[in-house]
**Student:** 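After the structure tokens below, expect a handful of questions from me.
The first residue in the sequence is number 1, and the count goes up from there.
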Amino acid sequence: MGILDGKKGIIFGALDENSIAWKTAVRAHEEGAEFILTNAPVAMRMGEINKLAEQTGSEIVPADATSMEDLGQLFDVAIEKFGKLDFILHSIGMSVNVRKGKHYTDLNYEWLAKGWDVSAVSFHKVMKTAWDKDCMNEWGSILALTYIAAQRVFPDYNDMADNKAYLESIARSFGYYWGKDKKVRVNTISQSPTATTAGQGVKGFDGFLSLADEVSPLGNASAEDCANLCVMMFSDFTKRVTLQNIYNDGGYSNTGVSEGLVMKFIE
């Protein structure tokens, strides 16, 4: 359809073919967008981002999203290449406590601070860098990916739930100023549990996935579904959608229980 023809952006977080950022990059390219791919240097060594760059004709600029210096250099490259930008995708999340199996009641606070910085504060840092450099076109779109554990208890999602809640608050708070002063929209997409590399690192992930698929009237949204929604949110068809947390979850967020789940408890 070419709904992103002429649009330029930055996509954070593409790691491998399972990642939502990867699939979003592919779809954005198919719809006519040009973009820079970026991830932390350590993540890039673990992934296959060169393959994605070749597939989409994109430049790779390594950057630690928690480093203002790295972000400044990244945006300088983007501005030199594109001029002003039309979209940014923040698809970054990490919990050292989850990775190392620390229970929520026994968190390591140094690890907590690191995960908070990577998963949430980095979104503020990305937007502040773009703000200070005044590099977004009017009616541009800034997106971050989140999960419903920001609002509800999911045992073993651990401190990532707190990180996502903070991320969503940043989107609303900074998004107000982006809209009022720059005519730029800021939103989050609350995605179904999705079999990404990060998602599969959460204890009990398969249970989250199965439960959500059972309860959701439409079933779980796939990574491809999320990529399509990201593309729509980058496009001019959503010019006045801002400060929203958009649930892309097949209806899970508004469903108390499904008939199928009830039947499993009836003898």
**Student:** Between Tyr104 and Asp162, does any side-chain donor sit less than 3.5 Å from a side-chain acceptor?
**Tutor:** yes
**Student:** Is there a side-chain contact between Phe237 and Ile3 (heavy atoms, below 4.5 Å)?
**Tutor:** yes
**Student:** Does Ile11 share a hydrophobic cluster with Ile20, counting links as ILVMFWY side-chain heavy atoms below 4.5 Å and allowing steps through other members?
**Tutor:** yes
**Student:** For residues Tyr147 and Glu168, is any side-chain donor paired with an opposing acceptor at under 3.5 Å?
**Tutor:** no
**Student:** I'd like to know if the side chain of Arg185 reaches the main chain of Trp139, judged simply by a donor and an acceptor atom lying under 3.5 Å from each other, with no hydrogens or angles considered.
**Tutor:** yes
**Student:** Given salt bridge (Lys or Arg N to Asp or Glu O under 4.0 Å), test Glu59 with Lys81 step by step and report yes or no.
**Tutor:** CA-CA 10 Å; Glu59 182 176 354; Lys81 185 179 182 70; 3.5 Å; yes
**Student:** Under the 3.5 angstrom rule, does the side chain of Ser95 hit a backbone N or O of Val98 as a donor-acceptor pair?
**Tutor:** yes
**Student:** Applying the side-chain contact (heavy atoms from CB on, under 4.5 Å) test to Lys125, which of Asp117, Asp70, Asp64 qualifies?
**Tutor:** Asp117
**Student:** Near Trp116 CH2, under 6.0 Å, is it more than 12 heavy atoms from other residues, nucleotides or ligands?
**Tutor:** no
**Student:** Just wondering, do Glu214 and Lys264 contact through their side chains at under 4.5 Å, heavy atoms?
**Tutor:** yes
**Student:** Using distance alone, with no hydrogens and no angle criterion, decide if Ser58 and Thr56 have a side-chain donor and acceptor under 3.5 Å apart.
**Tutor:** yes
**Student:** Mark yes or no for whether Glu31, through its side chain, and Gly2, through its backbone, hold a donor-acceptor pair below 3.5 Å.
**Tutor:** yes
**Student:** Would you confirm whether Ser119, through its side chain, and Gly93, through its main-chain N or O, come within 3.5 Å as a donor-acceptor pair?
**Tutor:** no
**Student:** For the residue pair Phe123 and Tyr166, is the inter-centroid distance of their aromatic rings smaller than 6.0 Å?
**Tutor:** no
**Student:** Closer than 4.0 angstrom, basic N to acidic O: yes or no for Lys51 and Glu17?
**Tutor:** yes
**Student:** Under 3.5 Å, is there a donor-acceptor pair between the Asn97 and Asn158 side chains?
**Tutor:** no
**Student:** Kindly work out whether a path of hydrophobic side-chain contacts (I/L/V/M/F/W/Y, heavy atoms less than 4.5 Å apart) joins Leu112 to Ile170.
**Tutor:** no
**Student:** So do the side chains of Ile88 and Leu143 get within less than 4.5 Å of each other, counting heavy atoms only?
**Tutor:** no
**Student:** Among Thr146, Asp225, Asn220, Asn248, which one satisfies side chain to side chain donor-acceptor pair (under 3.5 Å) with Gln191?
**Tutor:** Asn248
**Student:** Any Lys/Arg nitrogen of Glu110 or Lys114 sitting under 4.0 Å from an Asp/Glu carboxylate oxygen of the other?
**Tutor:** no
**Student:** Is it possible for you to say whether Val26 and Leu37 belong to one hydrophobic cluster, with membership spreading through side-chain heavy-atom contacts below 4.5 Å?
**Tutor:** yes
**Student:** Are Phe75 and Val61 linked, directly or through other ILVMFWY residues, by side chains that come within less than 4.5 angstrom of each other?
**Tutor:** yes
**Student:** Cluster question for you: counting only ILVMFWY and a side-chain heavy-atom cut-off of under 4.5 Å, with indirect links fine, are Trp131 and Phe87 together?
**Tutor:** no
**Student:** For the side-chain contact (heavy atoms from CB on, under 4.5 Å) test, which of Asn39, Val126, Leu89, Leu145 pairs with Phe12?
**Tutor:** Val126
**Student:** Under a 3.5 Å threshold, yes or no: a donor from one side chain and an acceptor from the other, between Asn187 and Gln244?
**Tutor:** no
**Student:** Would you say that Tyr252 contacts Leu218 through its side chain, given a criterion of any heavy-atom pair below 4.5 Å between the two side chains?
**Tutor:** no
**Student:** Is the backbone of Asn245 close enough, under 3.5 Å, to the side chain of Arg172 for a donor and an acceptor to pair up by distance?
**Tutor:** no
**Student:** I'd like to check Val77 versus Ile36 (side-chain heavy atoms, cut-off strictly below 4.5 Å). Are they in contact?
**Tutor:** yes
**Student:** Passes salt bridge (Lys or Arg N to Asp or Glu O under 4.0 Å), Lys84 versus Asp134? Steps please.
**Tutor:** CA-CA 8 Å; Lys84 290 204 170 186; Asp134 193 24; 3.8 Å; yes
